[in-house]
Amino acid sequence: MNFYASADYLDAVAEVYFKGQRSRVEDVQIGDEVLRLLVVNDKRVITRHQFLDFHQPLLEGEIRGPTRKGRYAPSVARRVIERAQWDPAQFPGLELAPYVDWSQFADHDDYRAYLMQHHKSLVRDRERRGRSLAAAHGELVFTMNDQQADVFDAAKRWKSRQLRDSGLADYFAVPQTLEFLQALRSRGQLVSSTLRASGRLLSLWIGFVHDRTWSGWIFSYDPAFRKYSVGHQLLSFMLSESHRLGHREFDFSIGSEDYKMIYATHGRVLGAIGQPPLGQRLISYAKGELRERTPKLFGAARNLKKRIDGTLPVQLVTGQTDPAKA
């Protein structure tokens, strides 16, 4: 059972996003799988929202009593593959959630050797940049769970700019985002990792550790220090600490972005289960027709949607994909 099926996570979602509404946690059967989900007002099954990364079906021994029937859920773990096996053309309609499987490495030096085997020049370049950063700005200080006041402020400032520059919706424009992070922190479920030099905050990662798995959503940095690859400098510290603490995995969340694929050893292949709502099926069909018949028009429509999304607040959605992932 992953973090997104845990009581603390689901309670925080209910507290922040469904205030004043009846909610409870139920095991919901969709096809042959059972997921632990939030059910609102006895009928609305929440399968997707901003900070729900992917579903992990419950094992037989984890299912609690009777289950209700559900119709559809996106981003459900279907299988595990090695990182090198991932080819989007071979997995149409599916997504990848890359991760590091620490059982492959007895020592962290073994993991570094793995990285050197596949990305030798890149690893050396990042290490050189780290030395240059320390020489120019002072000793680098990594904090696994930094609760100083400037962390959330910087996260909002840096990530908002990053999302807007990418044409994506700024989820920090919605007040519930910070409220949700605070709700997780009050439950002892939030981990805010930072890298500083001479007290100055350089980069950050906001997420969680659950069942010996470290993961998260918000990964950003001060653009003034871009040339030092300060995001990768932080990630290097985090991966070393994750191994030292005896974690099972370091999970990079949904998305096969290049930086994740550099570090990952494996990935969960994610796909939908059940039957999507009729409206969503019609939209998917229309997108396919538009893409095939008039690709230029499809591209223009997609760019327009990105621009529109960048100016609208992020809404909770059930059974739909939100493009604004960290």
NZ or CZ of R226 within 45° of Y221 ring axis and under 6.0 Å: no

E257 vs K260, salt bridge (charged side-chain N to carboxylate O under 4.0 Å, His left out): CA-CA, chis, key distance, verdict: CA-CA 6 Å; E257 292 93 333; K260 300 179 182 181; 3.2 Å; yes

More than 12 heavy atoms from other groups under 6.0 Å of CD on Q21: yes

Candidate pair L181 and I218, rule side-chain contact (heavy atoms from CB on, under 4.5 Å), full reasoning: CA-CA 11 Å; L181 297 178; I218 301 167; 4.0 Å; yes

Single-linkage hydrophobic cluster, 4.5 Å side-chain cutoff, L94 and Y99 together: no

Short side-chain donor-acceptor distance under 3.5 Å, H137 and S198: no

Exam field: side chain T177 to backbone Y171, donor-acceptor pair closer than 3.5 Å: yes

Flag, side chain of D53 to backbone of I254, donor-acceptor distance under 3.5 Å: yes

Short side-chain donor-acceptor distance under 3.5 Å, R126 and S236: no

Non-neighbouring partners of Y263 that pass ring-ring contact (aromatic ring centres under 6.0 Å, His included), sequence neighbours left out: H232

CA sep, side-chain torsions, deciding dist, call: D146, R196, salt bridge (charged side-chain N to carboxylate O under 4.0 Å, His left out): CA-CA 10 Å; D146 190 337; R196 297 177 185 267; 2.9 Å; yes

Partner of E26 by salt bridge (charged side-chain N to carboxylate O under 4.0 Å, His left out), out of R68, R64, K43: R68

Aromatic ring proximity F51/Y4, centre distance under 6.0 Å: no

Hey, can you pull the donor-acceptor pairs under 3.5 Å for the side chains in residues 200-210, sequence neighbours left out?
from : atom 1 : to   : atom 2 : distance (Å)
R200 : NH2    : D222 : OD2    : 3.0
S203 : OG     : V230 : O      : 2.9
W205 : NE1    : S215 : O      : 3.3

Side-chain donor-acceptor pair present, D8, S6, cut-off under 3.5 Å: no

Test log, rule salt bridge (charged side-chain N to carboxylate O under 4.0 Å, His left out), inputs R187 and E15: CA-CA 12 Å; R187 290 167 168 79; E15 175 187 307; 2.7 Å; yes

Short N-O contact, D109 and R112, less than 4.0 angstrom: no

Side-chain donor or acceptor of S242 paired with backbone N/O of L239 under 3.5 Å: no

Y72 side chain near I30 side chain, heavy-atom distance below 4.5 Å: no

Connected via hydrophobic side-chain network under 4.5 Å: M238 and V191: yes

Qualifying residue for side-chain contact (heavy atoms from CB on, under 4.5 Å) with K159, from R157, R161, K156, Q162: Q162

Flag side-chain contact, heavy atom, 4.5 Å: R44 against V39: no

Any side-chain heavy-atom pair of M261 and L96 under 4.5 Å: yes

Chi angles and distances behind the ring pair (Phe, Tyr, Trp, His ring centres under 6.0 Å) call for W86, F91: CA-CA 8 Å; W86 176 250; F91 296 91; 5.1 Å; yes

Student check: side-chain heavy atoms of S193 and N145 closer than 4.5 Å: no

4.5 Å side-chain heavy-atom contact, E241 and F142: yes

Side chain R129, main chain K227, donor-acceptor under 3.5 Å: yes

Shortest non-hydrogen contact from V16 toward A183: CG2-CB, 3.9 Å

Full working for side chain to side chain donor-acceptor pair (under 3.5 Å) between S75 and E95: CA-CA 7 Å; S75 303; E95 299 174 285; 3.2 Å; yes

D32 atom CG, over 12 foreign heavy atoms within 6.0 Å: no

Plane angle bin for Y9 and H49 - parallel if under 30°, tilted between 30 and 60°, otherwise perpendicular: parallel

V269 backbone acceptor or donor facing R78 side chain under 3.5 Å: no

H243 and F250 aromatic centres sub-6.0 Å: no

Parallel, tilted or perpendicular: rings of F105 and Y111 (30°, 60°): perpendicular

Between Q104 and T265: side-chain donor-acceptor atoms closer than 3.5 Å: no

